[in-house]
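One structure is given below, encoded as structure tokens.
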Amino acid sequence: MTKFKLTSLILILSLLLVACGDSNETSSEAATVESTNEVSEPAVETLTGEILIDGSSTVFPITQAVAEEFTILNPDVKISVGVSGTGGGFKKFCPGETAISNASRAIKDKEVALCEENNTKYLEVQVGIDALSVVIPSSNDWATCLTVDELNSIWVADSSVSSWSEVRSTFPDVAIDLYGPGTDSGTFDFFNEEITGEAGSRSDYTASEDDNVLVNGVSGSEGGLGYFGLAYYEENKDKLNAVQVDAGNGCQPPEAAFEGNYYLARPLYIYISESVKEDQVVKAFVDFYFEAMDIIVPAVGYVPMLEDQKANALSAWQNFNS
């Protein structure tokens with residue numbers, strides 16, 4: 001997240017907190033007057049503790065921003081947010097090593113089985129929507145729009161495509177240099193479900209769970225092509241272009257997801273372990289997550305949920321704690 005965006009978030013959230021506090025202003029003032037003759041003020045309860053979170057690099061910017069804002073208000077709480085990919089996150093979450101797991105896809109059957117083996121029950125909560133972005137360096141002025149079939153021809157497991165001219169005859173004879181997430185990534189899973197299908201992905205590409213590595217790789221290569229979450233494209237528009245995707249209804253940029261018209265849009269989740277449902281620090285953090293998500297999700301570059309989606313997620317969280 002840029003410093004400007006973070007500063008804006010702090011300001012906006014501060015204003016929200018002030019607004020929320022206005023309704024209690026009179027009672028607070030009265031309590032202060034009543035306590036003037038007392039020897040000491042009652043102690044103010046402060047939150048202390050630690051929350052371990054890991055998983056999706058796509059969801060990371062949201063959860064990290066929420067964690068930063070939460071710890072400004074609760075400085076005695078330590079929150080660690082790791083990035084091992086959605087699959088890597090579940091490998092830690094199901095054995096009970098983390099309290100919350102970021103995920104850019106729904107949990108898989110094999111991961112459900114791993115959680116069951118470890119008696120780990122959980123709640124799935126949607127926190128936003130991503131528009132998976134296919135990107136090229138800003139110097140590329142030819143691949144402005146690709147069809148799903150063309151993307152398949154490039155990325156499918158048995159592909160021998162090595163030059164842009166093999167994708168479309170009007171494209172230049174420039175070597176394609178591919179970058180993408182590793183196999184533990186939910187982004188990898190989603191892209192292949194939508195683009196390559198059961199055939200799966202080719203493996204001769206530069207893979208990394210660190211999206212900044214992918215950004216630098218694509219932007220530094222004339223024939224670069226890669227994919228990752230919308231937030232990383234939004235942060236790097238100065239050196240990347242987003243390829244519009246044509247799934248049969250015309251070319252659409254990833255920003256079309258804000259109107260529900262983008263083929264590679266997908267839900268983003270956090271998974272919360274039932275083992276920490278009585279932990280007041282975790283409860284306060286997730287409560288704050290819901291309060292802040294309408295501001296933070298678009299601020300870091302993703303698409304906010306519709307009102308009914310957020311209401312359903314909030315209801316599930318409240319029932320989880322009842």
Just by modelled atom types, is the T58 backbone N or O under 3.5 Å from a matching donor or acceptor in the Y302 side chain?
yes
Keeping Y289 on the side-chain end and V127 on the backbone end, is there a donor-acceptor pair under 3.5 Å?
no
Can you confirm whether more than 12 heavy atoms, excluding those of K237, are under 6.0 Å from its NZ atom?
yes
According to ring pair (Phe, Tyr, Trp, His ring centres under 6.0 Å), does anything in residues 57-77 pair up with another residue at least two apart or in another chain? List the pairs.
F70-F285, F70-F288
Can you label the angle between the W317 ring and the F290 ring as parallel, tilted or perpendicular, going by 30° and 60°?
parallel
Interatomic distance, OG@S56 vs CG@N102, rounded to 0.5 Å, equals 6.5 Å
Which residues pass the side-chain contact (heavy atoms from CB on, under 4.5 Å) test with S219, not counting sequence neighbours?
K239, L240
Could you list the cluster mates of L114? Members are the ILVMFWY residues connected by side-chain heavy atoms closer than 4.5 Å, either directly or through other members.
none
Please check: side-chain N/O of R202 versus main-chain N/O of V161, any donor-acceptor pairing under 3.5 Å?
yes
Take atom CD in E97; do more than 12 heavy atoms of anything else shown fall under 6.0 Å from it?
yes
So F191 and W155, would you call those rings parallel, tilted or perpendicular, with 30° and 60° as cut-offs?
perpendicular
Not counting sequence neighbours, which residues clear salt bridge (charged side-chain N to carboxylate O under 4.0 Å, His left out) with D189? List them please.
R105, K108
Applying side-chain hydrogen bond (donor to acceptor under 3.5 Å, both in side chains), which residue pairs with at least one partner in residues 79-89 are found, sequence neighbours left out?
D54-S84, T86-S104
S322 (side chain) donor-acceptor with N319 (main chain) under 3.5 angstrom
yes
Short side-chain to backbone donor-acceptor contact, Y122 and I100, under 3.5 Å
no
Counting N and O atoms only, with roles assigned by atom type, does the side chain of S159 sit under 3.5 Å from a partner on the main chain of S153, one being a donor and the other an acceptor?
yes
Neighbour count above 12 (heavy atom, 6.0 Å) for N119 CG:
no
All N/O donor-acceptor pairs, side-chain side in residues 248-263, below 3.5 Å, sequence neighbours left out:
unit_1 : atom_1 : unit_2 : atom_2 : d
Y262   : OH     : L132   : O      : 2.8
Y263   : OH     : E194   : O      : 3.1
Y263   : OH     : E194   : OE1    : 3.4

S133 (side chain) donor-acceptor with V135 (main chain) under 3.5 angstrom
no
Test of ring centre spacing under 6.0 Å for Y179 and F228:
no
